[in-house]
**Student:** 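Quick one: the structure is below, and I'll ask about it shortly.
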Amino acid sequence: MSRVYNFSAGPAVLPEEVLREAAEEMMDYRGSGMSVMEMSHRSKMFETIIGEAEADLRDLLAIPDNYKVLFLQGGASQQFAMVPMNLFKNRVGDYIITGQWAKKAYQEAKLYGTANAVASSADKTFSYIPDVSDLPISDDADYVYICENNTIYGTKFKTLPNTKGKTLVADLSSCFLSEPIDISKYGLIFAGAQKNVGPAGVVIAIIREDLITEDVLPGTPTMLRYKTHADEKSLYNTPPAYGIYICGKVFKWLKNRGGLEAMKEFNEKKAAILYDYLDQSQMFTGTVVEKDRSLMNVPFVTGNEELDALFVKESKAAGFENLKGHRSVGGMRASIYNAMPIEGVEKLVAFMKDFETKHGK
Ligand SMILES: *Cc1c(COP(=O)(O)O)cnc(C)c1O
């Protein structure tokens, strides 16, 4: 068996320990004689799996008691609709546009009411985070919306916007559990699992209880109401059971590694190896303003499209997968989520140095 270093933005690398454990339990989960994939979601055994997953997640993030944890489906993209459908009372949402995902959420909200773009970094190809200390927040805004880590452009909010008392809603898909956060600053966060915590098919939403109401937009399907899932503890219908089981294993893996403070330290150290090299390279440059750099997604370019293509090709042959940048921006992008080992980044940088020596001026 040989494993590559997988720099994919998502679905992405998972901890080897987790994959190995799942493989061992595949045919017979703890004496049940079946795989978790084959198990009733109403069984005692699965109840324990989902219960422990939630408890471990609450522990990791120190989630206050007045927040619900929901395991949903439909991808992060479905949240772009669920957020306005459930939170629109005045039918006004203020959006900070820092990339494709924020823009998609903004456009989706327009289907249901007024979405205001209160700030944007589109003028410089989303290579920075706008100043969010004093935005023109609408008096009647139901919430202020951000995409906290921009997977495609490699930027991250280092300070949260001043929402002037409005509820903060955040898409954390690509930075979820990469560092500690203060949940009480948010009304609602959500994250697709396939970036940093598990397989595609699970979306985790953490939502303050007062935002879970029956007062949703008329016509909101039962399945798209937070209340439906909150009332039934994510078991209103069949949840993405196997995915939740893997997420649960990742939560335990994170706890064993010392939790999110330790993860933050590890991720900072790991990202610095790559950024430090980019900052002194004559060939490669990072595309993001230094203060707004993401710890998870690192885009870079050579400034020459042919050289970029050659780099992607040669790196793949050397065992570094998925370094091609997003189709909308080109260049390269290394996604270095929690499960990417430090050796992966060290070896990538060594490979880049060699490439630079070989192809540089
Ligand atoms: C990947 C991604 C999405 C879309 O996720 P899906 O699960 O494919 O819908 C949304 N937001 C962010 C920040 C992402 O990285």
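We count ligands from 1, going down the list as the structure has it; atoms in each ligand are counted the same way. Computed over heavy atoms, backbone and side chain alike; hydrogens, waters and symmetry mates excluded.
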**Student:** Can you tell me if Gly192 has a non-hydrogen atom under 4.0 Å from ligand 1?
**Tutor:**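 For ligand 1, residue contact (heavy atoms, under 4.0 Å) with Gly192 is absent.
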
**Student:** Which atoms of ligand 1 sit under 4.0 Å from any heavy atom of Gly75?
**Tutor:**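 Going through ligand 1 atom by atom, the ones under 4.0 Å from Gly75 are 7 (O), 9 (O).
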
**Student:** Does any N/O atom on Asn149 come nearer than 3.5 Å to any N/O atom on ligand 1?
**Tutor:**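 No, Asn149 has no N/O under 3.5 Å of an N/O on ligand 1.
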
**Student:** Between Gln78 and ligand 1, which part of the residue brings a heavy atom under 4.0 Å of the ligand: side chain, backbone, both or neither?
**Tutor:**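 For Gln78, there is no contact with ligand 1 at all, from either part.
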
**Student:** Using atom types as modelled and distance alone, determine if a side-chain donor or acceptor of Asp292 lies under 3.5 Å from a backbone N or O of Ile129.
**Tutor:**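 It does hold such a pair.
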
**Student:** Under a heavy-atom criterion of less than 4.0 Å, does Cys147 contact ligand 1?
**Tutor:**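 True for this residue.
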
**Student:** Provide, to 0.1 Å, the distance between atom 11 (N) of ligand 1 and the closest protein heavy atom, together with that atom's residue and name.
**Tutor:**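 Of every protein heavy atom, Asp171 OD2, 2.6 Å lies nearest to atom 11 (N) of ligand 1.
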
**Student:** Using atom types as modelled and distance alone, determine if a side-chain donor or acceptor of Arg293 lies under 3.5 Å from a backbone N or O of Gly286.
**Tutor:**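 No: the side chain of Arg293 does not pair with the backbone of Gly286.
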
**Student:** Quick one: do Glu268 and Lys264 make a salt bridge, cutoff under 4.0 Å?
**Tutor:**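 Counted as a salt bridge, because a side-chain N and a carboxylate O are separated by less than 4.0 Å.
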
**Student:** Among all protein heavy atoms, pick the one closest to atom 9 (O) of ligand 1 and tell me residue, atom and distance.
**Tutor:**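 Here the nearest protein heavy atom works out to Ser77 OG, 2.6 Å.
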
**Student:** Identify the protein heavy atom lying closest to atom 2 (C) of ligand 1, giving its residue, its atom name and the separation to 0.1 Å.
**Tutor:**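 That would be Lys195 NZ, 2.5 Å.
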
**Student:** Below 4.0 angstrom, N of the basic side chain to O of the carboxylate: do Lys89 and Asp142 qualify?
**Tutor:**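 So Lys89 does not pair with Asp142 through a salt bridge.
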
**Student:** Looking at Glu47 and Lys44, is any side-chain nitrogen of the basic one under 4.0 Å from a carboxylate oxygen of the acidic one?
**Tutor:**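 A salt bridge links Lys44 with Glu47.
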
**Student:** What atoms in ligand 1 come closer than 4.0 Å to a heavy atom of Thr151?
**Tutor:**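 Those qualifying, in numeric order: 12 (C), 13 (C), 14 (C), 15 (O).
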
**Student:** For atom 8 (O) of ligand 1, which protein heavy atom lies nearest, and how many Å away is it?
**Tutor:**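 Its nearest protein heavy-atom neighbour is Gln194 NE2, 3.6 Å.
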
**Student:** Which of the numbered atoms in ligand 1 are below 4.0 angstrom from a heavy atom of Ala76?
**Tutor:**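 Counting atoms of ligand 1 from 1, those under 4.0 Å from Ala76 are 3 (C), 4 (C), 5 (O), 6 (P), 7 (O), 9 (O), 10 (C).
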
**Student:** How far does CD of Glu356 sit from CZ of Phe351, to the nearest 0.5 angstrom?
**Tutor:**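 Rounded to the nearest 0.5 Å, the CD-CZ separation comes to 12.5 Å.
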
**Student:** Cation-pi check for Phe7 against Arg333: NZ or CZ below 6.0 Å from the six-membered ring centre and within 45 degrees of the axis, yes or no?
**Tutor:**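 No, a cation-pi geometry is absent between Arg333 and Phe7.
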
**Student:** Distance under 6.0 Å and angle within 45° of the ring axis: does Lys124 meet both against Tyr128?
**Tutor:**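 Checked: cation-pi criterion met.
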
